[in-house]
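Worksheet for the structure shown next.
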Amino acid sequence: MEQQPCLVTVGAHAADQEFTAGATLLKHVQAGWRAHTVNLSLGEKGHRTLSAADYAAQKRDEAIACANALGATPHFLPYRDGELAANEAIVIELATLLRRLQPTVVITHWRHSMHADHEACHQITKAAVFRAAIRHFDLDGLPAKYARLYYSENWEDTEGFVPYWYVDVTAQMQPWEAAFKSFAIGRGEGGYPYWDWYHARTRQHGIKLGVQHAQAFAVEPRDMWVRRELL
Ligand SMILES: [Zn+2]
């Protein structure tokens with residue numbers, strides 16, 4: 001029997017993709033897709049008073065609670081906040097995980113960001129999706145799988161980000177808000193109004209599209225080429 005289609009998000013830090021693509025992920029789960037969240041680091045150095053070790057434990061618990069609320073399986077790679085680098089080892093590790101998960105769609109960060117980890121995550125994920133798709137790369141003997149790659153809209157990754165695809169997430173806003181607020185920073189406890197920003201963005205996109213709320217995604221320029229016989 002053919003496996004259900006699968007959506008995988010890859011974030012530099014726990015909360016990045018849950019905040020930018022969580023409603024879209026939930027919509028796919030509700031449509032019968034398998035879903036997984038992958039975080040390369042926990043984003044453990046972002047707390048004003050907690051130690052990195054204590055905040056790592058908290059962020060891990062929050063990411064698990066958020067993924068559970070969205071109907072996704074959480075995965076954590078063991079890399080450290082502020083130290084992500086696109087190298088062979090991490091690309092192979094992520095590509096091998098993608099071969100195991102067999103995603104139809106992968107969502108990660110846009111290429112430009114004010115945060116170097118986000119730019120590294122973009123490069124790592126793009127390279128890993130490529131490796132996972134090409135059968136001549138041997139990754140533990142796992143079968144190759146091509147995935148469509150999308151970039152989510154993050155308040156830190158806005159430079160040059162041009163939305164191309166929009167997903168109507170009106171019906172997912174309430175459960176997504178509850179999942180979002182699994183994170184203390186999602187409840188505004190870190191001092192930055194994350195929910196306000198992401199809620200407002202989905203509403204702005206919704207107004208543009210004639211729905212209540214929509215999440216926006218960018219793609220590689222070549223993925224914008226559409227052939228038509230007649231205009
Ligand atoms: Zn981040």
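For ligands, and for the atoms within them, numbers begin at 1 and follow the listed sequence. Computed from a predicted model, the values in this text were never measured in an experiment.
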N, O or S atom within D16 nearest to the Zn ion (ligand 1), by name:
OD2
Does H109 bring an N, O or S atom to under 2.8 Å of the Zn ion (ligand 1)?
no
Between H112 and H122, does the ring centre distance come in under 6.0 Å?
no
Check all N, O or S atoms of H13 and name the one closest to the Zn ion (ligand 1).
ND1
Taking the ring centre of each residue, are H115 and H109 less than 6.0 Å apart?
no
Are the side chains of E44 and K59 in contact, using a 4.5 Å heavy-atom criterion?
no
For the rings on Y194 and F183, is their centre-to-centre separation under 6.0 Å?
no
